Amino acid sequence: MQSHILDSLSSRVVQPREESTQIADQQSSFVEAQEHLAAIVQSSDDAIISKNLAGIIQSWNPAAERIFGYTSEEAIGQHISMLVVPERIEEIPNILERIGHGERIDHYETRRKTKDGRVLTVSLSISPVRNRSGSVIGASKVARDITDQTRTRQALQAANDSLVRSVADLEQFTYSASHDLREPLRTVCTSAELLRASLAGKIDDGEAELLQYIISGVMRMEQLLSDLHAFTRLSSEGEKPEELDSAAVLPQVLSNLQSAIEESGAIVTHGALPVVHLHKFQMEQLLQNLLSNAIRYRSERPLKIHVDASRTDASWKFSVTDNGIGIDPQYTEQIFGVFKRLHSFTEYPGTGMGLAICQRIVQRAGGGIWVESEPGKGSTFFFTLPAAQS
Ligand code: ADP
């Protein structure tokens with residue numbers, strides 16, 4: 001009986017002691033958390049500043065001192081506008097009003113000044129600070145100095161803009177030059193042909209041959225300039241490509257190449273061809289350049305050419321396959337370069353611009369072009385184009 005009384009007494013006495021231990025524990029973990037937060041603020045690389053709704057600075061961490069040059073003694077109690085450059089002064093009432101409405105401001109890029117008058121580009125993130133009852137009583141602001149970053153970005157942008165301008169100037173120059181130079185060439189060609197006609201029978205074979213060299217040289221140069229002109233023209237056509245049924249383009253291309261097809265005895269077959277996003281004349285040019293190459297670079301075997309297309313994710317992969325002379329694997333990339341050829345003009349006539357034009361067309365449309373080939377067996381040229389949205 002007595003021990004019961006003692007037990008109940010002791011439990012009554014022990015209870016308050018446990019509660020107070022719990023409270024003490026809570027208090028100490030709260031203090032620990034506070035200290036932890038304070039350490040984060042102290043060691044942050046970003047300025048962390050708090051202010052009240054009147055804009056008066058309440059706290060100022062070491063990074064704020066490092067970035068803006070004011071010590072915490074100098075800054076606390078001052079109005080936040082001491083950091084603002086004159087042309088941005090109207091931002092302050094605006095920011096304070098938004099904060100007063102409980103709004104957060106994220107990654108706001110602006111300019112602020114330091115104690116010694118330097119102007120910095122800063123990225124600000126400002127959040128409202130609330131009291132226990134939830135009313136906004138001020139704001140905490142994290143300011144990151146992005147001056148160097150911004151300068152680098154601006155320098156890069158300026159370099160890029162100037163590069164774009166230079167490329168555009170160069171393209172405009174090539175476009176005009178390749179057009180204008182053809183005019184005097186035509187005069188040379190016509191005059192040489194007239195001369196040949198008027199000298200017929202009066203000059204020997206060697207002299208006639210020399211005249212012929214002049215005429216064919218000039219004609220070749222004319223063709224080179226014409227292809228170069230077509231190549232540069234591709235960049236000045238900026239309108240958005242229409243939806244195009246590529247199957248409808250092939251008959252026109254085959255008709256353009258009719259005499260070459262007949263002369264070579266080529267058998268051209270094709271699979272189902274899709275609707276794509278491309279200008280009609282560009283699709284014509286693409287298929288025509290690839291098919292005329294397949295005809296020109298044929299072997300002794302009866303020529304077979306097959307045009308096909310298959311779907312891959314968001315694009316169509318076209319293929320033009322021939323059983324011609326093929327291409328040495330070491331040249332399969334360089335043949336897409338401007339004026340790049342693997343044969344002499346007398347062996348296989350051409351300007352070396354056909355594949356460069358094809359590449360430019362598909363790249364501008366967001367696709368790619370490549371070739372797989374085996375010398376002596378044939379080649380397959382592949383190109384991709386974005387599929388039309390159904
Ligand atoms: P061109 O045919 O006027 O020389 P292209 O740019 O069309 O210019 O082709 C570049 C080179 O690629 C050609 O000179 C040729 O050597 C090679 N080539 C292109 N298509 C084929 C093909 N179907 N088969 C073999 N070689 C080819």
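Note that the structure is a prediction, hence the values are computed from the model and not measured. Both ligands and their constituent atoms are indexed starting at 1 by order of listing.
Side chain of S178 to main chain of T174: a donor-acceptor pair is present (N/O by atom type, distance under 3.5 Å, no hydrogens or angles).
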Identify the protein atoms, limited to N or O, that lie within less than 3.5 Å of an N or O atom of ligand 1, and list each pair with its distance to 0.1 Å.
{"residue": "ligand 1", "atom": "2 (O)", "partner": "N293", "partner atom": "OD1", "Å": "3.3"}
{"residue": "ligand 1", "atom": "2 (O)", "partner": "R296", "partner atom": "NH1", "Å": "3.2"}
{"residue": "ligand 1", "atom": "2 (O)", "partner": "R296", "partner atom": "NH2", "Å": "2.9"}
{"residue": "ligand 1", "atom": "2 (O)", "partner": "Y297", "partner atom": "OH", "Å": "2.7"}
{"residue": "ligand 1", "atom": "3 (O)", "partner": "T351", "partner atom": "N", "Å": "2.8"}
{"residue": "ligand 1", "atom": "3 (O)", "partner": "G352", "partner atom": "N", "Å": "2.9"}
{"residue": "ligand 1", "atom": "4 (O)", "partner": "Y297", "partner atom": "OH", "Å": "3.2"}
{"residue": "ligand 1", "atom": "4 (O)", "partner": "R341", "partner atom": "NE", "Å": "2.6"}
{"residue": "ligand 1", "atom": "4 (O)", "partner": "R341", "partner atom": "NH2", "Å": "3.1"}
{"residue": "ligand 1", "atom": "4 (O)", "partner": "G352", "partner atom": "N", "Å": "3.4"}
{"residue": "ligand 1", "atom": "6 (O)", "partner": "G354", "partner atom": "N", "Å": "3.3"}
{"residue": "ligand 1", "atom": "6 (O)", "partner": "L355", "partner atom": "N", "Å": "2.8"}
{"residue": "ligand 1", "atom": "7 (O)", "partner": "N293", "partner atom": "OD1", "Å": "3.3"}
{"residue": "ligand 1", "atom": "7 (O)", "partner": "N293", "partner atom": "ND2", "Å": "2.8"}
{"residue": "ligand 1", "atom": "7 (O)", "partner": "L355", "partner atom": "N", "Å": "3.3"}
{"residue": "ligand 1", "atom": "8 (O)", "partner": "G352", "partner atom": "N", "Å": "3.3"}
{"residue": "ligand 1", "atom": "14 (O)", "partner": "Y297", "partner atom": "OH", "Å": "3.2"}
{"residue": "ligand 1", "atom": "16 (O)", "partner": "H343", "partner atom": "NE2", "Å": "3.4"}
{"residue": "ligand 1", "atom": "20 (N)", "partner": "N293", "partner atom": "ND2", "Å": "3.4"}
{"residue": "ligand 1", "atom": "23 (N)", "partner": "D322", "partner atom": "OD2", "Å": "2.9"}

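A cation-pi arrangement is present between R360 and F231 under the rule of less than 6.0 angstrom and at most 45 degrees off the ring axis.
In this structure, E109 pairs ionically with R153, as a charged nitrogen and a carboxylate oxygen lie closer than 4.0 Å.
In this structure, Y348 belongs to a hydrophobic cluster whose other members, linked by side-chain heavy atoms under 4.5 Å apart, are Y297, I325.
Hydrophobic cluster membership differs between L124 and I48, with clusters built from Ile, Leu, Val, Met, Phe, Trp and Tyr side chains linked at under 4.5 angstrom.
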For the pair H306 and T269, evaluate side-chain hydrogen bond (donor to acceptor under 3.5 Å, both in side chains) and give the outcome as yes or no after the intermediate values.
-> CA-CA 5 Å; H306 184 68; T269 53; 2.7 Å; yes
